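I have placed the structure first, in the form of structure tokens, so that the comments after it can refer back to it.
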Amino acid sequence: MMDYQKIASDVYNLAESDEPIAPLVREALQVIEQCLDQYGQDHISLSFNGGKDCTVLLHLYAAVLTRKVVAMHKPIFALYIPDPSPFPALEEFIKIATQDYLLNLFTCNLSSDIHLPVESVTPGVSTPTSLKGSDGYIGHSLQTQPVGSARGGEGMRRALELYKLRFPDIQAILVGTRRTDPHGTTLSYRNATDPGWPAFERVNPVINWGYSDVWTFLRKLKIPYCTLYDEGYTSLGSTYNTFPNPALLVTDSDSSNTLPSSLTIVANNPNAMCLVEPTLPESFMNDLGSFTIIANNPDQTCFADPICDLRETESLKSSVETLGPFQVLANDPNTQCHAEVNDRNTNGVSLPQRYRPAYELQDGALERAGRVSGAIPPVIPEI
């Protein structure tokens with residue numbers, strides 16, 4: 001379980017710091033605090049699908065609850081509207097986050113055999129100003145921000161209907177929508193759902209955050225996130241329409257200079273060395289010595305070879321020795337590591353393409369470059 005006191009301390013300290021992201025964090029906290037003051041925790045839920053944006057939002061909400069409600073708060077209401085054919089790694093992360101953050105998570109599974117879009121942008125009608133103050137609008141009657149359109153696919157509408165039936169006391173849903181999302185351009189901090197949709201107020205605390213802001217927050221506070229983002233995915237949907245971002249593809253020109261996609265050799269000797277060698281000995285597959293290899297780069301191999309005793313060599317006594325793209329944490333003073341780059345494996349078969357992690361994407365406008373618009377689920381023949 002997460003240390004909620006530490007979460008609150010870290011988040012609020014960041015909000016009051018001189019960091020460039022501090023104003024956005026303060027803004028998001030204020031939006032959540034105002035929502036909490038108006039509705040109370042028992043009437044607020046959080047939309048959580050395991051993505052980076054809602055992971056940020058969940059951490060912010062946990063901080064606010066700890067600071068403004070009680071130190072040991074009760075489970076957080078949350079809903080999960082799965083895309084058709086979700087990634088197993090994403091669902092595993094959702095399971096872990098549910099336990100870590102004490103979520104009362106309800107999964108809105110639709111019984112229909114037809115795959116309905118959850119996040120597609122469909123034409124909608126903006127909520128009329130005349131609805132403010134009426135029974136069809138649950139937002140504050142004095143709110144002057146434009147309502148805009150809370151849009152989504154038919155799958156989302158039906159899922160929200162199901163959630164409303166199961167949790168009729170929920171009035172507001174915290175959503176991780178950002179301005180750069182396809183359906184986020186006209187949204188404000190708080191928006192009522194459109195006519196014909198279940199009556200909720202959608203609250204968007206991170207609406208003004210950019211792609212890089214999300215990763216700055218996650219990495220600065222060391223917040224766990226779905227492992228797919230470390231494999232080059234930058235926007236997550238269904239397995240049939242989501243792929244690693246081509247902008248993060250590791251090419252031959254940069255593969256030797258990218259540490260996250262190189263070998264990290266983990267052992268226990270600060271005196272071990274790492275050397276690059278032009279040829280690969282025939283015995284490399286037979287003895288890896290005392291090294292444990294964690295390889296993110298399938299084009300690189302490591303093998304061990306006995307050398308002279310280095311224990312008395314003061315200049316090599318360091319807990320981390322770095323040479324080129326290799327980082328070695330070792331413990332055997334009589335072993336050195338040789339490494340080299342190969343274009344193909346031992347069978348002559350091309351190795352899989354490699355991608356840099358999502359936080360290395362420089363252009364946030366390319367966030368959805370790995371998403372295939374209009375893709376449909378594969379048809380599984382009946383047996």
Side-chain angles (χ1 to χ4, degrees), residues 2 7 10-11 14 21 24-25 28 46-62 78 80-83 85-101 103 105 118-119 175-182 184 206 209-251 254-255 258-262 264 294-298 352-372 375:
M2 291 288 188
I7 290 176
D10 289 347
V11 171
L14 179 59
I21 197 176
L24 288 173
V25 177
L46 181 143
S47 178
F48 187 73
N49 65 0
K52 60 188 184 302
D53 303 325
C54 61
T55 299
V56 166
L57 182 57
L58 173 58
H59 207 75
L60 289 166
Y61 188 36
Y80 169 39
I81 305 176
D83 282 299
S85 185
F87 285 89
L90 184 65
E91 300 233 295
E92 178 62 23
F93 173 70
I94 292 172
K95 179 180 178 181
I96 294 172
T98 298
Q99 297 171 346
D100 288 346
Y101 287 91
L103 300 184
L105 183 70
V118 170
E119 64 167 359
V175 185
T177 300
R178 292 184 287 115
R179 185 80 59 201
T180 53
D181 290 338
V206 296
W209 290 41
Y211 179 84
S212 62
D213 300 320
V214 169
W215 284 111
T216 296
F217 184 83
L218 289 172
R219 302 191 72 216
K220 184 172 290 293
L221 298 186
K222 299 180 180 179
I223 301 168
Y225 55 81
C226 179
T227 57
L228 290 171
Y229 291 116
D230 287 335
E231 300 173 14
Y233 293 86
T234 53
S235 178
L236 302 179
S238 300
T239 57
Y240 57 83
N241 67 5
T242 306
F243 303 92
N245 195 316
L248 293 173
L249 179 66
V250 176
T251 62
D254 61 10
S255 61
T258 307
L259 183 60
S261 62
S262 67
T264 299
I294 300 175
N296 289 325
N297 185 347
Q353 291 181 317
R354 292 173 288 111
Y355 294 84
R356 299 192 301 277
Y359 54 78
E360 291 192 13
L361 183 67
Q362 297 298 312
D363 186 356
L366 298 177
E367 177 181 356
R368 296 176 66 86
R371 302 290 291 273
V372 178

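Quick caveat: nothing in here was measured; it's all calculated off a predicted structure.
Looking only at atom types and distance, the side chain of Tyr211 has no donor-acceptor partner in the side chain of Asp363 under 3.5 Å away.
The heavy-atom pair separating Asn49 from Ile94 by the smallest distance is O-CD1, 3.4 Å. Taking both residues in full, the closest heavy atoms of Arg368 and Pro182 are given as NE-CG, 3.7 Å, listed atom of the first, atom of the second, then distance. Between Leu103 and Ala78, the closest heavy-atom pair is CD1-CB, 4.4 Å. Taking each heavy atom of Gly184 and Thr177 in turn, the nearest pair found is CA-CG2, 4.0 Å. Closest approach of Leu236 and Leu90 over heavy atoms only: CD1-CD1, 3.7 Å. Here the closest non-hydrogen pair linking Arg178 and Gly210 is NH1-C, 3.5 Å.
Rounded to the nearest 0.5 Å, atoms CG (Asp10) and NZ (Lys222) are 10.0 Å apart. In this structure, Tyr229 OH and Trp215 CH2 are separated by 6.5 Å, a value rounded to the nearest 0.5 Å. Atom-to-atom distance recorded for Gln353:CD and Leu249:CG is 5.0 Å, nearest 0.5 angstrom. For the atom pair Leu46 CG and Leu58 CG, the distance stands at 6.0 Å (nearest 0.5 Å). Within the model, atoms CD of Glu367 and OG of Ser212 stand 10.5 Å from one another, a figure rounded to the nearest 0.5 Å.
The aromatic rings of Phe93 and Phe48 are tilted relative to each other, their planes meeting at an angle between 30° and 60°.
Note: Phe87 and Tyr233 meet the aromatic proximity criterion, with ring centroids under 6.0 Å apart.
Under a 3.5 Å cut-off, the side chain of Asn245 and the backbone N or O of Leu366 do form a donor-acceptor pair. With Glu91 contributing its side chain and Ala89 its backbone, the two residues share no donor-acceptor pair below 3.5 Å. The backbone N or O of Thr234 lies less than 3.5 Å from a partner atom in the side chain of Lys52, making a donor-acceptor pair.
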Practice task
Please test Tyr359 against Asp230 for side-chain contact (heavy atoms from CB on, under 4.5 Å), starting from the C-alpha separation and ending with a verdict.
Solution key: CA-CA 8 Å; Tyr359 54 78; Asp230 287 335; 3.9 Å; yes
Handout entry: Derivation and outcome, side-chain contact (heavy atoms from CB on, under 4.5 Å), residues Ile7 and Ile223
Key = CA-CA 10 Å; Ile7 290 176; Ile223 301 168; over 6 Å; no
Handout entry: side-chain contact (heavy atoms from CB on, under 4.5 Å) evaluation trace for Val372 with Tyr240
Key = CA-CA 8 Å; Val372 178; Tyr240 57 83; over 6 Å; no
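Looking at heavy atoms from C-beta onward, Leu60 lies in side-chain contact with Val206 at the 4.5 angstrom threshold. When side chains are defined from C-beta on, Asp53 does not count as touching Val175, because their heavy atoms never get closer than 4.5 Å. Side-chain contact between Tyr225 and Val56: absent, with no pair of heavy atoms (C-beta onward) separated by less than 4.5 Å.
No more than 12 heavy atoms of other residues, nucleotides or ligands lie within 6.0 Å of CZ in Arg219, so this atom counts as exposed by the packing criterion.
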